[in-house]
Amino acid sequence: MIPTLILFGLLLGRWWRTSLIVAAVGWPLLLVAGDGTAVGPALIGASGLAVANTAVGVLVHQGVLRMIRATRS
């Protein structure tokens with residue numbers, strides 16, 4: 001679960017707002033659709049963890065992007 005969301009953030013880190021929104025909405029929907037959890041307050045926590053894990057991937061992506069841009073100029 002965690003590596004999947006970090007990879008999602010790494011791949012879509014350029015569009016960080018969209019990737020965080022998709023993680024916040026998509027991961028709980030995936031859990032409900034796959035019978036991973038019932039609809040309830042636990043989904044709010046799952047959504048928060050999904051955003052946090054995706055944000056790690058986004059931050060790594062943005063950091064690498066800034067390093068590349070700094071070395072080019």
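Residues A23 and P28 share a closest heavy-atom pair of O-CD, 3.8 Å. Considering all non-hydrogen atoms of both residues, R69 and R14 come closest at NH2-NH1, 3.4 Å. Taking each heavy atom of W27 and A46 in turn, the nearest pair found is CD1-O, 3.9 Å.
Connection of L5 to L30 is established within a shared hydrophobic cluster, with ILVMFWY side chains joined at heavy-atom distances below 4.5 Å, either directly or through further cluster members.
Among residues two or more places apart in sequence or in another chain, the side chain to side chain contact (heavy atoms under 4.5 Å, CB included) test is passed with L29 by V25. The side chain to side chain contact (heavy atoms under 4.5 Å, CB included) test applied to A42 returns T37, not counting sequence neighbours. Contacts of T18 classified as side chain to side chain contact (heavy atoms under 4.5 Å, CB included), with partners at least two apart in sequence or in another chain: W15, V22. R72 is linked by a side chain to side chain contact (heavy atoms under 4.5 Å, CB included) to I68, counting only residues two or more places apart in sequence or in another chain.
By the 4.5 Å side-chain criterion applied to Ile, Leu, Val, Met, Phe, Trp and Tyr, W16 is assigned to a cluster that also includes L20, V51, V58. Through direct or indirect side-chain contacts shorter than 4.5 Å among Ile, Leu, Val, Met, Phe, Trp and Tyr, V32 is connected to V39, L43.
Summarising the geometry, atom CD1 belonging to I2 is positioned 7.5 Å from atom CG belonging to L49; distances are rounded to the nearest 0.5 Å.
A distance-only check finds no donor-acceptor pair linking the side chain of T54 to the backbone of G9 [under 3.5 Å].
The side chain to side chain contact (heavy atoms under 4.5 Å, CB included) test with F8 is passed by exactly one of L12, L11, I6: L12.
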